[in-house]
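Residues take their numbers from the sequence shown, with the count starting at 1. Quick caveat, the model's predicted, so the values are computed rather than measured. As the structure lists them, so they are numbered: ligands from 1, and atoms in each ligand from 1.
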Amino acid sequence: MMDPIVWEWIGAALRWLHVIAGIAWIGSSFYFVHLDSSLKPRDGLPKGAYGEAWQVHGGGFYHMVKFLVAPSNMPDDLTWFKWEAYATWLSGVALLVFVYYFGAQLYLIDLSVMELSNWEAIAISAGSLILGWAIYDGLCRSPLGRSDNLLALFGFGFVVVATFVFTQIFSARGAFMQAGALMGTIMAGNVFMVIIPNQRKVVAALMKGEAPDPRFGRTGKQRSMHNNYITLPTVFVMISNHYPLAYGGSLAWLILAFLIVMGVFIRHFFNTMHKGLPAPWWTWWVAAVCALIIVALSRVTPADPAVSGNLLPSPAVAEASVDLAAASDIVMGRCAMCHTREPVWEGVTVPPKGIVLDTPAAVAAHAEQIYTIAVWTHAMPPSNVTEMPVEERRVLARWYEDMRTATR
Ligand code: HEC
C-alpha cells in the first residue's frame with residue numbers, strides 16, 4: 001500500500017482540483033445563461049446577429065453580440081467551453097474512486113443495508129452511473145422531450161427514484177453521494193454527448209454555407225437548461241458529507257427531492273431577473289417552505305426498528321441520567337481508535353478531519369457534533385465498523401439531553 005501521508009495529500013489535491021474545475025464550469029455556465037437572457041435586439045446590428053449586451057468588468061467595456069447564424073466571416077479561433085465540464089467530471093470520478101471505492105468499507109457499504117463485497121458495491125455504483133445516463137438520455141430523446149415541462153417532471157422523478165434505490169443498496173452517505181454523482185454525470189454527459197456535438201454540427205453546416213438544422217440548437221439549449229437548473233442541488237450534495245442530517249436519516253431521498261425543487265426555484269428567480277423581467281419574489285417563498293420541510297424531514301427517526309427510538313425527547317432515551325465520565329467511556333470505546341492523535345485503526349493515520357475525541361474534555365467540547373453524527377444520525381462510526389449498539393447511542397442521547405437541561 002501507498003504511504004498513508006501521501007495518500008491523504010492526494011485526496012486533498014483531488015478535492016482542490018475538483019472544486020476549482022467545478023467553479024470554472026459553473027461560473028462560465030451561469031455567465032452564459034445570464035448573457036443569453038440579457039441580450040437585447042437592436043436595429044443596425046451586423047447581419048445574422050440576434051441581439052447585443054454591454055458589460056463592464058475588470059477595467060474594460062465589452063460589447064457582446066450573439067449570432068444565431070454564421071457571421072459573414074467565420075472567425076479562425078473560436079473558444080469552446082467544454083474543458084471546464086470535462087475536468088469537473090473527470091476529477092469527480094477520480095475522487096469517487098479515491099474516497100468511495102478505495103474506502104468502500106467505510107463510505108460506500110453498510111452491511112446492515114446490504115451485504116456487498118467491495119467489488120459488488122463498486123460495480124453497482126459505476127454501472128448505475130452509466131445506466132442512469134442512458135435512462136435520462138432516453139427520456140430526453142423520447143416524445144416527452146418535446147415538452148420541456150413534462151420532461152423536467154419525469155427527469156426529476158427519475159433522479160428521486162434512483163436516489164431511493166441507492167439508499168436501499170449503499171450506506172446513507174454513499175447513497176447520497178451516488179445520487180450527486182448521477183446528477184453530475186448527467187450534467188457532464190449533456191455537455192459531452194449532446195451540447196458540444198450539436199454545436200460542432202451547427203458550425204460545420206455554417207462553414208459550408210448551409211442552414212443548420214434548428215433541432216440541434218433546440219436540444220442543446222434544453223440540455224443546457226437542465227444543467228442550469230440542477231446545478232444548485234448537485235453542489236449541495238457534493239458538500240453534504242459534512243452534514244449528516246442531510247444524508248443520514250431514513251428520508252434522505254425525500255430531502256434530496258426537496259433540495260432539487262428548492263434549487264430549481266432559486267435558479268428560476270435569477271434566470272427571470274437576468275431577462276430583465278419583474279423579479280419573481282414568490283420563488284423565495286417556495287424555497288423557504290422547502291427549507292422548512294427539509295428540516296422537518298431530517299427530524300424523522302430512522303426507519304429500521306432496531307435503530308428507531310433515537311428521537312429526542314423520547315422514552316427510548318436511556319432512563320438513568322448519564323454523566324460525562326460514562327459518555328466518554330462510550331466515545332473512547334467506539335470512536336477514539338480513529339479520533340486520536342495516533343490512531344490505531346488500520347488505514348487511519350491522522351485524526352480524521354482533525355477531530356480528537358480521546359479525553360473527557362474533548363468529548364464535552366464536541367458534544368453537539370457527537371450528538372448529530374452518532375446519535376441523531378448514525379453517520380459515525382462510519383458504516384458502524386466499531387459496532388456501536390443502539391443502546392449506547394441512547395445513553396449518549398440522555399447525556400446530551402441532561403447537559404442541555406442543566407445549561408438551560
Ligand atoms: C474507523 C474509524 C472511525 C471511527 C471508529 C469513528 N470515526 Fe469519525 N470519522 C472517521 C473518518 C475517516 C472521518 C472523515 C470523514 C470524511 O472524510 O468526510 C470522520 C469524521 C468525523 C467527524 C467530522 C465530520 C465532518 O465532516 O465534519 C466527526 C464529528 C466524527 N467523525 C465523530 C465520530 C464519533 C462521535 C465517533 C464514534 C461514535 C466516530 N467518529 C467514530 C473515522 C472514524
Query raised in the report: Take atom OH in Tyr243; do more than 12 heavy atoms of anything else shown fall under 6.0 Å from it?
Result: no
Query raised in the report: Taking everything shown except Arg215 itself, do over 12 heavy atoms lie less than 6.0 Å from its CZ?
Result: no
Query raised in the report: Is the count of non-hydrogen atoms from other residues, nucleotides or ligands lying under 6.0 Å from Tyr101 atom OH greater than 12?
Result: yes
Query raised in the report: Just distances here: any N/O of Lys353 and N/O of ligand 1 closer than 3.5 Å?
Result: yes
Query - Heavy atoms from other residues, nucleotides or ligands near CZ of Phe98 exceed 12 (cutoff 6.0 Å) - result: yes
Query raised in the report: Can Arg173 be said to touch ligand 1, with heavy atoms closer than 4.0 Å?
Result: yes
Requested in this report: May I ask you to identify, for Met388, whether its side chain, its backbone, both or neither come under 4.0 Å of ligand 1 on a heavy-atom basis?
Outcome: side chain
Query - Selection from His339, His242, Met337 by shortest heavy-atom distance to atom 6 (C) of ligand 1 - result: His339
Query raised in the report: Are Glu401 and Tyr371 linked by a side-chain donor-acceptor pair shorter than 3.5 Å?
Result: no
Report summary line: Under 4.0 Å between heavy atoms, the region of Gln105 that gets near ligand 1 turns out to be neither
Query - NZ/NE/NH1/NH2 to OD/OE distance under 4.0 Å, Asp36 and Lys275 - result: no
Report task. Mark yes when over 12 heavy atoms from residues, nucleotides or ligands other than Trp80 sit less than 6.0 Å from its CH2; otherwise mark no. Result -> yes
Query - Sequence neighbours excluded - salt bridge (charged side-chain N to carboxylate O under 4.0 Å, His left out) pairs with any residue from residues 336-365 - result: none
Query raised in the report: Which one holds for Pro244 and ligand 1: side chain close, backbone close, both close, or neither close, with close meaning a heavy atom under 4.0 Å?
Result: neither
Requested in this report: Please could you name the atoms of ligand 1 that Arg334 approaches to less than 4.0 Å, counting only its heavy atoms?
Outcome: 5 (C), 37 (C), 41 (C)
Requested in this report: Report the member of Pro343, Ala336, Cys335, Ser240 with the shortest heavy-atom distance to atom 37 (C) of ligand 1.
Outcome: Cys335
Report summary line: Closest to atom 1 (C) of ligand 1 among protein heavy atoms sits Cys338 SG, 2.8 Å
Report summary line: ligand 1 to Tyr107, heavy atom cutoff 4.0 Å, flagged ligand atoms 11 (C), 12 (C), 14 (C), 15 (C), 16 (C), 17 (O)
**Report entry** Atoms of ligand 1, numbered as shown, that sit under 4.0 Å from any heavy atom of Val385
**Finding:** 1 (C)
Requested in this report: Verify whether one side chain among Asn228 and Asn271 offers a donor that lies under 3.5 Å from an acceptor in the other.
Outcome: yes
Query raised in the report: Going by the atom numbers of ligand 1, which of them fall below 4.0 Å from some non-hydrogen atom of Pro381?
Result: 5 (C), 38 (C), 41 (C)
Report task. Would you check if Leu357 and Thr340 make a side-chain contact, meaning some heavy-atom pair closer than 4.5 Å? Result -> no
Query raised in the report: Does Glu84 reach the side chain of Trp89, with side-chain heavy atoms less than 4.5 Å apart?
Result: no
Query raised in the report: Which protein heavy atom lies closest to atom 29 (C) of ligand 1, and at what distance to 0.1 Å?
Result: Ile355 CD1, 3.5 Å
**Report entry** Heavy-atom proximity to atom 11 (C) of ligand 1, best of Gly103, Pro352, Ser383
**Finding:** Pro352
Report summary line: So for Tyr243 against ligand 1, with non-hydrogen atoms under 4.0 Å, the contacting part is neither
Report task. Go through ligand 1 atom by atom and flag the ones less than 4.0 Å from a non-hydrogen atom of Ala374. Result -> 38 (C)
Report summary line: ligand 1 atoms nearer than 4.0 angstrom to some heavy atom of Trp345 are 1 (C)
Query raised in the report: Applying the side chain to side chain contact (heavy atoms under 4.5 Å, CB included) test to Gln178, which of Thr163, Leu129, Val237 qualifies?
Result: Leu129
Query raised in the report: Just which atoms of ligand 1 are under 4.0 Å from any heavy atom in Thr386?
Result: 5 (C)
Requested in this report: Show which atoms of ligand 1 fall inside a sub-4.0 Å distance from at least one heavy-atom site of Ile373.
Outcome: 22 (C), 24 (C), 28 (C), 29 (C), 32 (C), 35 (C)
Report task. May I ask you to identify the nearest protein heavy atom to atom 20 (C) of ligand 1, giving residue, atom name and distance to one decimal place in Å? Result -> Met380 CE, 3.3 Å
